[in-house]
Amino acid sequence: MPKLIQYLFLSAFIFTYSSVLAQQLPDNDSDYVDKLCENRFNYTTNSNFRTNLDQTLGILPTTNSGYGFFNSSSGRSPDTANAIALCRGDTERIACGDCLNRSIVRLRQECPNQRDAAVYYDNCMVKYSNESVLGKTEITNFITHNSTNYATDGSRFHQDVLKLFGNLTAEASNGGVLKYATGTVTGPNGTVTYGLMQCTPDLSNQQCTNCLNDAVGQLAKCCYGKTGARVLLPLCNLRYEANRFYNDVAVLPPRPPPSSMVGTGGKSNNLTRIVTSIVMTTAACLIIGVTIWNLAILRKKKLVEASLESKITDISILEFLEYSLDTVLAATNNFSEDNKIGQGGFGSVYKGELEDGRLIAVKRLSRDSGQGEQQFKNEVLLVAKLHHRNLVGLLGFCIEEKERLLIYDYLPNSSLDKFLFDPTKRALLDWDTRYNIIEGVARGLLYLHEDSRLRIIHRDLKVSNVLLDDDMNAKITDFGMARLCKPDETQGNTGRVVGT
Ligand SMILES: *[C@@H]1O[C@H](CO)[C@@H](O)[C@H](O)[C@H]1NC(C)=O
Ligand SMILES: *[C@@H]1O[C@H](CO)[C@@H](O)[C@H](O)[C@H]1NC(C)=O
Ligand SMILES: *[C@@H]1O[C@H](CO)[C@@H](O)[C@H](O)[C@H]1NC(C)=O
Ligand SMILES: *[C@@H]1O[C@H](CO)[C@@H](O)[C@H](O)[C@H]1NC(C)=O
Ligand SMILES: *[C@@H]1O[C@H](CO)[C@@H](O)[C@H](O)[C@H]1NC(C)=O
Ligand SMILES: *[C@@H]1O[C@H](CO)[C@@H](O)[C@H](O)[C@H]1NC(C)=O
Ligand SMILES: *[C@@H]1O[C@H](CO)[C@@H](O)[C@H](O)[C@H]1NC(C)=O
Ligand SMILES: *[C@@H]1O[C@H](CO)[C@@H](O)[C@H](O)[C@H]1NC(C)=O
């Protein structure tokens, strides 16, 4: 049990660590890129618009949506001042705020009397207008920049760049709240080109795709064969360079203040937020951990008896759960390498599609379970009867020839480690999602330990055994394996059986 507490502490640590790291010293103004002052309509010093603009730009930096996107608005039409700001997806929170502050100062200097204006920095952009800005995708004006150097084979290079941006467009558009993607393309002589695309999060996937397509469409005109370029639109932008100009570190969205504190200190400073976030997360994990531990001690004695308790009579359910080897072979394309999606301590995992179109994950046990056929079936039946929203459902099994297969629901989002340790995907785990995952894991464990008929100790709980469904709910997998495989097995990937 102390392992579990260690685990929860470790998660609390990982979950808060990145937010502590997300601090950086402010830069100077050398990352300024360009401005776009729309000269059609000007305002005067004593106008209503001026007052509204001062106000809206004043509050803009405090409106972070959590993903480096800001929007604010004040005043009535025709003098409404609408403003948005967007930080590049890899910009840390402090650097983002600093970039915004400098942008706003620079914007007032560069465009002193325009009713519609924007400035662009490497790490952020700010735009205001008396027209609405949010969701307005038709392009009126934009900025392009190109490097001085030409690629040796311009036409080939251009094709590569278009291919890269084709991929990045899809990735950024489907990026959820953070519509941001980076990637590389390698030319025929081994030169690497680095690309980046981003949309504001208020755009729908389709709007983002359209906006980025418009941006890509400009490349042929502005920047054909150039080794680096930018196309800057109000709601999306792209950039590519011959050097790696972006960072891996993704923004960790700030944790929203706990609801009980909202009334008193809406504008608490960053340090307070970070400290609060550490304390709250740790406390929450501690409480969950201690609770589970206490409950577990209470029940510990019953554990041994419980595992012996059940006798299975329900043969019809067993038949229902049993899949023929032919079915599984057809679904997984004869366990082809292409279908392999993982390798775990107990064997390989393959993705498969049943005839009715349902997606399954098939675990092919690598070792003889050391059990007779009937005993294996009985254990499968017991595990299959465990149902909880935070457990991966066991759909069935197959035992034919030497094969022992377990068939599960397929979860397209894969496992937690794929998110936690991927710099881009990590940003999708906002605080609500993280809490939901932690809570889901705890609930799943509580069910296994306390509320199910079986009382199963997982013995191999780790982030790769926490799968995520479409709504990013945690689902524990590989539970009950000790019952289905030889308990004292010490196979390579699992190592010491209680190691994690
Ligand atoms: C601004 O920062 C850049 C590096 O970020 C540095 O090269 C440049 O010298 C700095 N300029 C000033 C005026 O501090
Ligand atoms: C707005 O002001 C700019 C200079 O700040 C000037 O160039 C432009 O002609 C003005 N536009 C109108 C419509 O007066
Ligand atoms: C923005 O300002 C211009 C010039 O004053 C005006 O013609 C236009 O109607 C305004 N737009 C809105 C949406 O109020
Ligand atoms: C941005 O400006 C505001 C108001 O002047 C200030 O409170 C804040 O600390 C600044 N943020 C950064 C990162 O410099
Ligand atoms: C490789 O190709 C790039 C782009 O076409 C060009 O800029 C560079 O000079 C080439 N390098 C060599 C070593 O040929
Ligand atoms: C684009 O995506 C396809 C499929 O994922 C991949 O095969 C290709 O290498 C990618 N191209 C670039 C330039 O990233
Ligand atoms: C813009 O700001 C308003 C509140 O001022 C907020 O309700 C809205 O969700 C924001 N829109 C986006 C896309 O962040
Ligand atoms: C590339 O940028 C330069 C200025 O940096 C500009 O003069 C030139 O017109 C641009 N090239 C194209 C094709 O737009």
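The figures that follow rest on heavy atoms only: side chains count, while hydrogens, waters and symmetry mates do not. Remember, it's 1-based here, ligands and their atoms both numbered in the order they're listed.
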Legend entry - Six-ring centre of Tyr120, Lys35 cation under 6.0 angstrom, axis tolerance 45°: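 No, cation not above the ring by the 6.0 Å, 45° rule.
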Inset, instruction - May I ask you to check if Arg88 and Tyr246 form a cation-pi contact, with NZ or CZ under 6.0 angstrom from the six-membered ring centre and within 45° of the axis? - result: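 Here Arg88 fails the 6.0 Å and 45° test against Tyr246.
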Inset, instruction - Ignoring hydrogens and angles, state whether a donor on the side chain of Asn39 or Gln114 is under 3.5 Å from an acceptor on the partner side chain. - result: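 There is such a pair between these side chains.
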Inset, instruction - For the residue pair Ser147 and Asn149, confirm or rule out a side-chain donor-acceptor distance under 3.5 Å. - result: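 Per modelled atom types, Ser147 and Asn149 side chains form no pair under 3.5 Å.
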Legend entry - Arg239 atom CZ, over 12 foreign heavy atoms within 6.0 Å: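 Result for CZ/Arg239: enclosed.
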Legend entry - Lys226, any N or O under 3.5 Å of ligand 8 N or O: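 Not met; the criterion fails.
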Legend entry - salt bridge (charged side-chain N to carboxylate O under 4.0 Å, His left out) partner of Asp116, chosen from Arg40, Lys136, Lys127: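 Exactly one option meets the salt bridge (charged side-chain N to carboxylate O under 4.0 Å, His left out) with Asp116, and it is Lys127.
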Inset, instruction - Check each protein residue for a heavy atom under 4.0 Å from ligand 2 and list those that pass, ordered by chain and number. - result: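 Residue list for ligand 2: Asn39, Arg40, Asn42, Asn113, Gln114.
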Legend entry - Subset of ligand 8 atoms that lie under 4.0 Å from at least one heavy atom of Lys221: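 What qualifies from ligand 8 is 13 (C).
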Inset, instruction - Using a strict cut-off of 4.0 Å, indicate which atoms of ligand 3 neighbour a heavy atom of Ser77. - result: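 The list of qualifying atoms is 14 (O).
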Inset, instruction - Classify the angle between the aromatic ring planes of Tyr32 and Tyr121 as parallel (below 30°), tilted (30 to 60°) or perpendicular (above 60°). - result: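 If you compare the ring of Tyr32 with that of Tyr121, the planes turn out perpendicular.
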